[in-house]
There are 2 protein chains.
Amino acid sequence: METVTDAALADTLREAGLKVTEPRVAVLTALTDIPHSDADTIFGAVLPSVPGTSLQAVYGVLAALTTAGLLRKIEPAGSSALYERRTGDNHHHIVCTECGAVRDVDCVVGHAPCLTPSDAGGFTVQVAEVNFWGVCPDCQTALTQTSAD
Amino acid sequence: METVTDAALADTLREAGLKVTEPRVAVLTALTDIPHSDADTIFGAVLPSVPGTSLQAVYGVLAALTTAGLLRKIEPAGSSALYERRTGDNHHHIVCTECGAVRDVDCVVGHAPCLTPSDAGGFTVQVAEVNFWGVCPDCQTALTQTSAD
DNA sequence: GCAGTTGTTTTGAATAACTCAAGACAACTT
DNA sequence: AAGTTGTCTTGAGTTATTCAAAACAACTGC
């Protein structure tokens, strides 16, 4: 049913110099549907379409695709590693402290204040990793209703 | 020898409403000497002065002190949790991708651009976690010399 | 279309960081 | 000095992740 998408993903893999395999396409498909997923979640999403696969295979695929630049790995404090397909632009993330939901946060366009620390102490800064922590709209509602009881 | 410091640390603990124990003072002392240390490193530093202690005890102390606000826990992607005594001010960190060295980076005083994402998507932002990645001066030197061979 | 080569996946086990639980023990209170 | 409360010790367990070797499949050239 989603052959078109699969073909596009196959091209994406080929362009990155990677062999096109079922698990890899399935992982990319899963991450297109549910971004910011951890290895276990991806494994669960992939399992129906690739019955014989294993969690280790997913780890292998994720590592290969991350190395190839097709995936970005984010590791918020306290959670396991999450993966997303949006690479290249350097956007950040906001994590809900209540439910763990993750959402993309675009950096201010035009200048990147986060990338220029006031004093790097002689370090050569290469990348900035920015994670915001807060409460998502759903959990705000839930919390308000609870306190209103 | 460092009784003065120990007494000060004891007061710090007491003011936080915590009981003053040898392991706790030792952990605070260790983190005063070597900030940005992980549990295992702290354990190693504490062991000589508290012979009968264990890694689990260190974890327990670190958790208690972090909850009490005496310690800040930082978790850079890919490494284990690190602890430091500098709390209250919201400074950030830069991690060397070569050797793992960590250094404090003060946020730009006056305004905190990193704390105000362009679009939080309805999230209520509470804290921003910023980690820079780069190469420390020592490793820069080492890399330059290697490539000059 | 078919065999070869290279790289990927499967299978199984191992590691590291961290957490949990129960009893022994020590710090502060009166 | 004794009691209470909270802390530490000891030991085991959990989870995310990685490593290694053999089976297997994808792209190449014939």
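In this text the structure is predicted, and so the values were computed from the model without any measurement. Just so we're on the same page: letters track the sequence lines, and every chain starts at 1.
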[atom1] of [X] versus [atom2] of [N]: gap in Å, rounded?
| X | N | atom1 | atom2 | answer |
| --- | --- | --- | --- | --- |
| A:D38 | D:dT18 | CG | P | 13 Å |
| A:L82 | D:dT15 | CG | C1' | 15 Å |
| A:E75 | C:dC18 | CD | P | 13 Å |
| A:Y83 | D:dA16 | OH | P | 13 Å |
| B:F43 | C:dA16 | CZ | C1' | 15 Å |
| B:Y59 | D:dT10 | OH | P | 17 Å |

Subject >> ILVMFWY cluster, A:V27 and A:I34 together (side-chain gap under 4.5 Å) >> reply: no
Donor-acceptor under 3.5 Å ([X] side chain, [Y] main chain):
| X | Y | value |
| --- | --- | --- |
| B:S79 | B:E75 | no |
| A:T41 | A:S37 | no |
| B:Q140 | B:V135 | yes |

**OP:** Ignoring backbone atoms, establish whether A:R14 has a side-chain N or O less than 4.0 Å from OP1 or OP2 of D:dA26.
**Re:** no
Original post:
Which comes earlier along DNA chain C counting from the 5' end, the contact point of B:Q56 or that of A:T53, where each point is its nearest nucleotide?
Top reply: A:T53
Original post:
With no hydrogens and no angle check, do the side chains of B:T66 and B:R72 hold a donor and an acceptor under 3.5 Å apart?
Top reply: no
Does some side-chain heavy atom of [Y] sit less than 4.5 Å from a side-chain heavy atom of [X]?
| X | Y | result |
| --- | --- | --- |
| A:L71 | A:L62 | yes |
| B:I74 | B:E84 | yes |
| A:C96 | A:W133 | no |

Original post:
What nucleic acid atoms does B:S54 come within less than 4.0 Å of, heavy atoms only: base, sugar-phosphate, or nothing?
Top reply: base
Original post:
With a 4.0 Å cut-off on heavy atoms, is A:A63 in touch with a base, just the backbone sugar-phosphate, or nothing at all?
Top reply: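 The residue A:A63 makes no contact with any strand.
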Original post:
Do any of residues 15-28 of chain B sit with a heavy atom less than 4.0 Å from DNA chain D, and if so which?
Top reply: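 Contacts with DNA chain D under 4.0 Å: B:L18, B:K19, B:T21, B:P23, B:R24.
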Original post:
Which residues, if any, of residues 64-74 of chain B bring a heavy atom under 4.0 Å of DNA chain D?
Top reply: none
Original post:
Where the side chain of A:L55 is concerned, which of C:dT9, D:dT17, D:dC19 is the nearest nucleotide?
Top reply: D:dT17
**OP:** Evaluate the criterion side-chain hydrogen bond (donor to acceptor under 3.5 Å, both in side chains) for residue pair B:H93 and B:D104; output intermediate values, then yes/no.
**Re:** CA-CA 5 Å; B:H93 299 95; B:D104 288 337; 3.2 Å; yes
